[in-house]
Structures are given as C-alpha cells and as structure tokens.
Amino acid sequence: MQVIVNGEKTVVPAKTTLQELMEQKNMTAGHAVAELNEQITNKHAWPDIFLSENDSIEIITFVGGGSK
C-alpha cells in the first residue's frame with residue numbers, strides 16, 4: 001500500500017497503523033506531531049489509526065535549542 005509521508009511516496013504493509021509508521025521513522029510521540037490528511041492527530045490515538053491507500057501524512061518534529 002502506498003502513502004505519502006512528508007511529500008514522498010512510501011510503501012507500507014496493509015493494516016499499518018500510524019504508530020507503526022512513526023516507529024519505522026524513529027519518531028516518538030514526545031518529539032513529533034503527525035498530521036493525517038490535513039488533520040492533526042492525537043498521539044494517544046496513533047495505535048488505533050490504520051492508514052489507507054494514498055493517505056497523506058505530515059510529520060513535524062521539535063528540536064530543542066535557544067539562546068544563551
């Protein structure tokens with residue numbers, strides 16, 4: 001099955017959850033937000049969200065830093 005992750009076509013097995021995709025991308029709920037088809041998802045729901053053909057997922061990560 002094909003989905004779009006941050007604008008790139010990605011092949012994932014059927015019945016892949018958003019949680020599994022995030023784990024494949026080494027993303028943790030504490031450091032990333034996932035948007036599915038232009039809707040921000042609740043990270044607690046990731047294990048229950050099954051991806052569908054041509055879903056569009058945007059993964060936004062947070063990077064620490066700041067001024068001294």
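Contact annotation: the side chain of Gln2 never approaches that of Thr10 to less than 4.5 Å [non-hydrogen atoms, C-beta and beyond]. Annotation: side chain of Leu51 is in contact with side chain of Leu21 (closest heavy-atom distance under 4.5 Å). Within the 4.5 Å cutoff, the side chain of Ile57 has no heavy atoms near those of the Ile4 side chain.
The side chain to side chain contact (heavy atoms under 4.5 Å, CB included) search around Gln19 returns Thr17, Glu23, Trp46, Pro47, not counting sequence neighbours. Taking Asn26 as the reference, nothing meets the side chain to side chain contact (heavy atoms under 4.5 Å, CB included) condition, with sequence neighbours excluded. By the side chain to side chain contact (heavy atoms under 4.5 Å, CB included) test, Lys15 pairs with Phe50, sequence neighbours left out.
Across all non-hydrogen atoms, the minimal contact from Ala32 to Ile59 is CB-CG2, 4.3 Å.
Atom NE2 in His31 sits 12.0 Å away from atom CE in Met22 (nearest 0.5 Å). The CG atom of Leu18 lies 10.5 Å from the CG atom of Asn42; values are rounded to the nearest 0.5 Å. Rounded to the nearest 0.5 angstrom, Thr16 OG1 and Gln24 CD are separated by 6.0 Å.
In the hydrophobic clustering (ILVMFWY side chains linked at under 4.5 Å, chained through shared members), Val11 stands by itself.
Linking ILVMFWY side-chain heavy atoms closer than 4.5 Å, directly or via other members, places Met1 and Val5 in a single hydrophobic cluster.
Listed by first then second residue, pairs satisfying side chain to side chain donor-acceptor pair (under 3.5 Å) with a partner in residues 49-62 read Asn37-Asp55, not counting sequence neighbours.
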